[in-house]
Amino acid sequence: MSALDARVGETRLITPVIREVSLMPVNGTLPAFSAGSHVQLHLPNGKRNAYSLLSDPGDTSHYRIAVRQQAQSRGGSRYVHEQLQTGDQLKISSPANLFPLHSTARLHVLIAAGIGITPFLAYCTELLRRGAAFELHYAYRAGLSDAYVEVLREQLGEHLHLYESSARRLDLGQLLGHRPLGTHVYACGPQSLLDALREQSLALGWPAARVHWEAFAAPEPGVPFVVELARSGRQVAVGAEQSLLEALESAGVELPNLCRGGVCGQCRTPYLKGDVEHRDLFLAHEERASSLMPCVSRGCGSPILLDI
Amino acid sequence: MTLIFKPAETYRDDFSFRNSPAAIARFPFPFPEDAYMYSVNIEPAVSRDPGSVFEHSFDVDEHYLSEMAERARVLERDPERCLVMPHMAQAAWDLLEMLMEHLAGDYPQHFLLERNGTAWRWQNLAMGIDQSFTFGDADSLPCEPLEYITRQMQGDFALLDQRDGDLFMDAGMVTCPADWSLRFDAGMSFKQWHSPVPMANQMGIFERALKFLLNIQVGHPVRRLNWTLTINPRLDTSPETFHEWGSDRGSVTPDNVGSLVHLRVELQHMARLPRSNAVLFSIRTYLISMEELVSNPAWGRRLHRVLRDLPDAIADYKGMTRYRQTLVDWLRQFDPEA
Ligand code: FES
């Protein structure tokens, strides 16, 4: 994976738990990107997390991301909140898009909860530029996850529908009912939102091809474990706060990867034996007997022998 | 290597197209072995072998001016060879940006690009073009952006929209195709437009190729070579003009086979377009007559073996059945062990 050099520009706390970070090119400009793209941040502590780009996709002078402090942080979001400073240099991956706009949709319905707003900020800029028909439905908690509410109000006017958690409930059934043909729905937020969307859209007869979501499966910590690489006989220890993918990378073993969150399928790795706690959203049940996704999944018992 | 454009040559009527010895030396001969089998043979499109067609992402060669004149001629007769569906407008700008950046970076003696925000100035010294325009504003160019830039670059260009887990051919400039048509394939999915290739479908090759293409990332283009044969150095072998060239296949004789039959090699380059998330599929075509080709003894020997042993289904698909025996007989003289 080719990485780009970036310098941390302005960082600001936009809610008590969300920090916005701008990333500047070290020389020249950054690559243009499409709305819905993310980049991986290679943090000095060895952690690499993927974050949606929320800035204007046409603006190659800088990128912006927003990072929520996770209670269960493995050191990635905590590092961004507590240690990352303006002027720091770090590597970022080229933007990649696992959550693109559907180019022939007639109406785009965007549903965001909390920090799940980030990809939709770029979406909205792009949809306004295109003059496309769209609605943004944004559920948040006042004073905690209400990032960008004011900006969006100004920018979007009638396109915006707000659901402050104590005042108004986001009713998916109502939101998805009676939509014209050619409507596409996109959601980003916690797993509970995505599960509800899947259920409701199915119940209302939405074709799967018109329902899109971005999962936020950041790897979670666990207990330390050890894997062995069958081809070389090497052993690699995985710390409690590390993912298996990160441990392999620090041992010099690079695997293809994009989302680092168990959804894209890129890092799929075969294994020969061992007990695996599968935490991905990609592999089918029967595939799990012989493959695992090292970006999120962990060992949980007898040692894992990777077929690499 | 300094690039010198040959004076105008033709790809029709009197067919004055010829390769210089330098062009023959850099011809992308596509057979790594004495036998041929269809394969995906995709590799990362990284620069290699300075002077070769693999040095730059978009190769400009001595035929540049002739090929651009040929494109203009085809478009004059049939403007529909260029097509951009409305949802592909942004991908068209992506392509314009990518081509201008590469051409200006790789051939600074012929192409110049100045950018100041969205105010751009493009100079194509080879074609005598000096155009100031606003990036993103189609009205500031003399024509639609995809047409504008592909009238200045060799090869065909297809832009594929990625949606529903598939790729759709929704824009392009296709004036030198090996018997396929943008108009017929427009709006089709990857699987639909590949369905005529024999044997490959059953082998699951397209499933894998599609998966691969869907995963191409910004900054990681890939390429592959493909080949067929063409009678006369004719670039425009499209279904629309079949009545003009279809009967050529019957005109091959033992006397003219060396000058009439051409190996046609496509250097296909696939890249993710950053702003639109579309996939670029560009096809740069190289032609070489049999007489020119056998000036390299290793190529003559190998081509003889490949064509002699080619499965009939593939020979049929490539349209060479009528003259294959004549060609193999002629090539045998360059294979001392045969
Ligand atoms: S990197 Fe995407 S599933 Fe592991």
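Each chain gets a letter, A, B and so on, in the order its sequence line appears, and its residues count up from 1. Computation of the quantities below employed the complete heavy-atom set of this structure, encompassing side-chain atoms and omitting hydrogens, waters and symmetry-equivalent molecules.
Taking OG of Ser103(A) as the reference point, atom CG of Asn277(B) lies at 9.5 Å (rounded to 0.5 Å). Going from atom CZ of Arg163(B) over to atom NE2 of His184(A) covers 9.0 Å, rounded to the nearest 0.5 Å. If you take OG1 on Thr60(A) and CZ on Arg275(B), they are separated by 6.5 Å, rounding to the nearest 0.5 Å. Between Asp170(B) atom CG and Thr104(A) atom OG1 the span is 8.0 Å, to the nearest 0.5 Å. With rounding to the nearest 0.5 angstrom, the CZ atom of Arg272(B) is 12.5 Å from the OG atom of Ser94(A). Taken to the nearest 0.5 Å, the CZ atom of Arg130(A) stands 5.5 Å off from the CD atom of Gln90(B).
Judged as a side-chain contact (heavy atoms from CB on, under 4.5 Å), and not counting sequence neighbours, the contacts of Glu249(A) are Arg48(A), Leu245(A), Glu246(A), Glu254(A), Asn257(A), Arg260(A).
The number of heavy-atom neighbours closer than 6.0 Å to CD of Glu287(A), taken from other residues, nucleotides and ligands shown, is above 12. Other residues, nucleotides and ligands place more than 12 heavy atoms under 6.0 Å from the CG atom of Asp49(B). In the displayed structure, Glu43(B) atom CD is contacted under 6.0 Å by more than 12 heavy atoms of other residues, nucleotides or ligands. Other residues, nucleotides and ligands place more than 12 heavy atoms under 6.0 Å from the CZ atom of Arg183(B).
When all heavy atoms of Ser34(A) and Ser276(B) are compared, the pair lying nearest together is CB-C, 4.2 Å.
At a 4.5 Å heavy-atom cutoff, Arg210(A) makes no contact with chain B through either its backbone or its side chain.
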- Query: Passes side chain to side chain contact (heavy atoms under 4.5 Å, CB included), Gln217(B) versus Leu258(A)? Steps please.
  - Reply: CA-CA 10 Å; Gln217(B) 299 301 324; Leu258(A) 274 182; 3.2 Å; yes
Side-chain atoms of residues 25-32 of chain A: list all donor-acceptor pairs with protein atoms under 3.5 Å, sequence neighbours left out, distances to 0.1 Å.
none

